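Encoded as structure tokens, the structure appears first; notes follow it.
Every number for a ligand or one of its atoms is a count from 1 in the order of the listing. Only a predicted model underlies this, so the values are computations on that prediction, with no experimental measurement involved. All residue numbers in this chain count up from 1 along the given sequence. What's counted below: heavy atoms across the whole structure, side chains too, no hydrogens, waters or symmetry copies.
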Amino acid sequence: MSPDRSFDVSVLTPPGRGALATVVAAGSDAAAALDRLFRSAAGVSMANVKVGRISYGHWSSQQGEEVVVCRAGEREFDIHCHGGTAAVAAIVESLVDAGGKLVDWRAWLAGHAPDAIRRAALEALADARTERAAVVLLDQLAGALAHELQAIHAELARGELAAAASALRELGTRASVGLHLVTPFQVVLAGRPNVGKSSLINALVGYQRAIVFSEPGTTRDVVTAVTAIDGWPVELSDTAGLRETFDPVEEAGGRLARERLDRCDLVVLVFDASEASPDDDRRLQDGFPEALVVYNKCDVVGARALADTASQRMTSAVSGAGIKALVAEIGRRLVPTPPQAGAGVPFTRGQVDGIERALAAVEQNDAVLAMQSLETLLPPARDR
Ligand SMILES: Nc1nc2c(ncn2[C@@H]2O[C@H](COP(=O)(O)OP(=O)(O)OP(=O)(O)O)[C@@H](O)[C@H]2O)c(=O)[nH]1
Ligand SMILES: [Mg+2]
């Protein structure tokens, strides 16, 4: 809480439409301010409400605004009012007029979340893009990562370095999914012009995101669409066809495509099954040995009939054949081993770096340094 004011005010629910909103008032003078602004139906003073109990009543500055106030802590009150903007704005304004200091919710969290991991989990939850991502973050809010880190810390204290190293490595394997709970995985569709990249991205997201045309060189800019694959957030990028060209715009598109390809999590290389161009295909494949290869237009009469394997899929963006299997394969490539329910998952760069530093120290037989690295992530010993 800011030292120069008697209490802080923050809006805990996101802006925009909603049935309910929550405004928090916390600090030594919060109860007194609420007694001036809130008319409890039971006529009780907020100073006499037990922690954890609620009071129903009216907000005095807002004719007819019914609110429920919960005493969330000794000096902390949650005011549950109508959602939208007007009721929230009026309640915040009256609290500020009564001496409160309005603070942004992230700043509020920084001052009030019990520890760094839970604060980061709450922040990430506000930006979680899918239910599956939120479930993993809720596990971390409930202490999954903190418990695993504490267990490793205890192993180090007992000198069980091999067990600690293996547990740190296991946590490290979950970093990739953890870092993509808020920031989507980047999947880029690339290939020669006219093979059906834009048609495929449309088939993958289920609507007409990108322009499809029978002439090669249609897509110039990078066209993106955010979707969920197997419950994980994924940004698909459709790119300009890769070929030698004298058209400066198409050339610029090719450059943008290559930039995307350099920093993505998965390349999906699209080839045309109805056209034989094995030399070009091989050259592209050599450039992206890790890519998932897709032979599209398998519906065309006389198209190559190739084996459908984990590294090579047959699709038709027109008939939809193979699209489901392609989606499943992309999901498997991005998250080969999804974390079990309740597993600790590092989900910020700082957590992943701390775990990597601890592992490097253990590998140098330096248990003390490894423990110090973990302590930077854990709550202070007295709160554990
Ligand atoms: N028969 C058939 N035609 C397809 C399929 N996928 C795409 N096409 C057609 O192929 C042509 C090119 O499709 P696009 O999706 O624009 O291809 P692209 O790879 O994005 O092309 P550029 O943007 O020029 O690089 C269009 O006429 C599509 O209708 C498919 O699976 N089967
Ligand atoms: Mg295209």
Side-chain angles (χ1 to χ4, degrees), residues 184 186-227 229 234-264 266-288 290-330 333:
Q186 297 291 322
V187 174
V188 178
L189 277 75
R192 291 186 306 113
N194 220 42
V195 294
K197 301 176 296 299
S198 300
S199 306
L200 266 182
I201 204 170
N202 291 343
L204 288 169
V205 296
Y207 64 96
Q208 299 302 305
R209 174 68 184 88
I211 297 171
V212 169
F213 194 57
S214 54
E215 288 296 313
T218 303
T219 306
R220 304 296 181 91
D221 236 333
V222 175
V223 177
T224 60
V226 176
T227 186
I229 290 186
V234 173
E235 183 174 81
L236 297 168
S237 298
D238 176 25
T239 57
L242 300 171
R243 66 170 173 183
E244 294 300 323
T245 174
F246 297 108
D247 177 343
V249 180
E250 195 180 335
E251 166 59 26
R255 239 187 350 262
L256 282 180
R258 287 186 186 88
E259 278 169 28
R260 277 283 157 141
L261 285 162
D262 281 347
R263 53 187 169 86
C264 69
L266 176 66
V267 176
V268 176
L269 264 192
V270 187
F271 297 124
D272 185 340
S274 72
E275 255 189 19
S277 50
D279 288 348
D280 283 351
D281 290 2
R282 182 140 326 111
R283 256 199 306 277
L284 261 180
Q285 224 166 327
D286 287 348
F288 303 100
E290 307 281 307
L292 170 55
V293 171
V294 173
Y295 282 91
N296 188 42
K297 305 197 189 182
C298 71
D299 60 291
V300 174
V301 179
R304 278 177 282 174
L306 299 160
D308 223 1
T309 65
S311 56
Q312 167 184 301
R313 318 260 12 147
M314 300 294 291
T315 61
S316 167
V318 168
S319 75
I323 299 296
K324 249 179 138 174
L326 174 60
V327 170
E329 191 54 43
I330 293 173
R333 287 282 187 116

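For ligand 1, the atoms lying closer than 4.0 Å to a non-hydrogen atom of V300 are 1 (N). Residue contact check: A317 has heavy atoms under 4.0 Å from atoms 6 (N), 30 (C), 31 (O) of ligand 1. Of all atoms in ligand 1, listed by their number and element, those nearer than 4.0 Å to a heavy atom of S199 are 6 (N), 7 (C), 13 (O), 14 (P), 15 (O), 28 (C). Close approach of ligand 1 to P193 is summarised as follows: ligand atoms under 4.0 Å from at least one heavy atom of the residue are 25 (O). Close contacts between ligand 1 and D299 involve ligand atoms 1 (N), 2 (C), 30 (C), 31 (O), 32 (N) [criterion: under 4.0 Å to a heavy atom]. If you number the atoms of ligand 1 from 1 as listed, the ones under 4.0 Å from a heavy atom of S316 come out as 31 (O).
Residues satisfying the side-chain contact (heavy atoms from CB on, under 4.5 Å) criterion with R304, sequence neighbours excluded, are D281, Y295, L306.
Of the possible polar contacts, one joining the K197 side chain to the R192 backbone as a donor-acceptor pair under 3.5 Å is found. Side chain of D221 to backbone of V223: no donor-acceptor contact under 3.5 angstrom is found. Under a 3.5 Å cut-off, the side chain of N296 and the backbone N or O of V195 do form a donor-acceptor pair. The backbone N or O of A317 lies less than 3.5 Å from no partner atom in the side chain of T315, so there is not a single donor-acceptor pair.
Residue contacts with ligand 1, taken as heavy atom pairs separated by less than 4.0 Å, do not involve V270 at all. By the criterion of a heavy-atom distance under 4.0 Å, the backbone of P216, and not its side chain, is placed next to ligand 1. Residue V195 touches ligand 1 through backbone and side chain together, judged by heavy-atom distances below 4.0 Å.
Counting protein heavy atoms only, atom 2 (C) of ligand 1 is closest to V318 CG2, 3.4 Å. Looking only at heavy atoms of the protein, atom 27 (O) of ligand 1 is closest to S214 CA, 3.4 Å. The nearest protein atom to atom 8 (N) of ligand 1, hydrogens excluded, is given as K297 CE, 3.7 Å; this is a heavy-atom distance. The closest protein non-hydrogen atom to atom 6 (N) of ligand 1 is N296 ND2, 3.1 Å. Protein heavy atom at the shortest distance from atom 29 (O) of ligand 1 is V212 CG1, 3.7 Å. Protein heavy atom closest to atom 25 (O) of ligand 1, with residue, atom name and distance, is K197 NZ, 2.7 Å.
An N or O contact shorter than 3.5 Å links T218 to ligand 1 by distance. Residue F213 has at least one N or O atom closer than 3.5 Å to an N or O atom of ligand 1. In terms of N/O distances under 3.5 Å, ligand 1 is not approached by T239. Ligand 1 has an N or O atom lying under 3.5 Å from an N or O atom of N194, backbone or side chain. At least one N or O atom of G196 sits closer than 3.5 Å to an N or O atom of ligand 1.
Shown here for A210 and D238, the closest heavy-atom pair between the two residues is CB-OD2, 3.5 Å.
Residues T219 and I211 fail the side-chain proximity criterion, which asks for heavy atoms closer than 4.5 Å. Residues Q312 and Q285 have side chains not in contact (no heavy-atom distance under 4.5 Å, counting atoms from C-beta outward). Looking at V226 and V205, their side chains never come closer than 4.5 Å, going by heavy atoms from C-beta outward. With contacts defined as side-chain heavy-atom distances shorter than 4.5 Å, the pair R209/T227 does not qualify. At a threshold of 4.5 Å between non-hydrogen side-chain atoms, the residues L189 and V294 do not count as touching. T239 places a side-chain heavy atom less than 4.5 Å from the side chain of V188.
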* To do: Walk me through it: do V212 and T218 pass the test side-chain contact (heavy atoms from CB on, under 4.5 Å)?
  => CA-CA 7 Å; V212 169; T218 303; over 6 Å; no

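Residue side and main chain included, S198 places an N/O/S atom under 2.8 Å of the Mg ion (ligand 2). For the Mg ion (ligand 2), the N/O/S atoms of T219 include one lying under 2.8 Å.
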